[in-house]
Amino acid sequence: MEMPKYFFDTKDDLDYRDHIGCEFQNQATLRRGALKAVTGLLAAGGDKDGSYSVVLKVRDEHDKIVLVVRSVCQLEIPSQSLC
């Protein structure tokens, strides 16, 4: 049985439209995959000062948006760091 394919489009500093997609077994694995993708994008933006936000829109094979994940990461560096 063929699994449905989903496409992860991102909006942060650059907009990206996924043309390849990934197959997910069910909604739970789709949500975990989307959260993992957003976490990776936030980590990649960790070299920025201040706030960094990511919006991930997940589309199905019919181009219908089935999930949206919005996340904001705020970096604060104390003036007297212990490191």
Side-chain angles (χ1 to χ4, degrees):
M1 183 174 175
E2 211 173 293
M3 289 188 286
K5 189 178 270 194
Y6 296 93
F7 302 87
F8 287 16
D9 302 332
T10 58
K11 181 170 179 60
D12 51 6
D13 285 348
L14 301 172
D15 293 348
Y16 172 77
R17 185 168 172 90
D18 182 3
H19 296 285
I20 298 171
C22 294
E23 294 178 339
F24 289 93
Q25 220 169 16
N26 54 45
Q27 291 297 312
T29 58
L30 172 61
R31 285 190 297 271
R32 281 194 297 272
L35 289 171
K36 186 176 180 180
V38 167
T39 302
L41 290 166
L42 287 171
D47 60 344
K48 300 176 181 175
D49 292 336
S51 295
Y52 179 62
S53 63
V54 173
V55 177
L56 175 75
K57 292 184 180 182
V58 181
R59 294 179 288 114
D60 66 10
E61 294 170 313
H62 306 288
D63 218 27
K64 178 183 174 190
I65 295 174
V66 297
L67 180 66
V68 177
V69 180
R70 290 180 182 88
S71 188
V72 175
C73 181
Q74 192 167 20
L75 300 175
E76 296 178 12
I77 302 172
S79 58
Q80 294 181 359
S81 178
L82 297 176
C83 298

Output the distance between atom [atom1] ([X]) and atom [atom2] ([Y]), rounded to the nearest 0.5 Å.
| X | Y | atom1 | atom2 | value |
| --- | --- | --- | --- | --- |
| R70 | K57 | CZ | NZ | 7.0 Å |
| D63 | F7 | CG | CZ | 8.5 Å |
| L56 | L67 | CG | CG | 7.0 Å |

Over all atoms of both residues, closest heavy-atom pair of E2 and E23: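 Scanning both residues, the minimum pair turns out to be CG-OE2, 4.4 Å.
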Smallest separation among heavy atoms of D9 and R59, with atom names: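 Closest approach of D9 to R59: OD2-NE, 2.5 Å.
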Parallel, tilted or perpendicular, judged at 30° and 60°: which one describes the rings of Y6 and F24?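 It falls in the tilted class, 30° to 60°.
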Do V58 and V55 belong together in a cluster built from hydrophobic side chains that touch within less than 4.5 Å?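 No, V58 does not connect to V55 through the hydrophobic network.
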N/O donor to acceptor pairs below 3.5 angstrom from side-chain atoms of residues 30-43, sequence neighbours left out:
from	atom 1	to	atom 2	distance (Å)
T39	OG1	L35	O	2.8

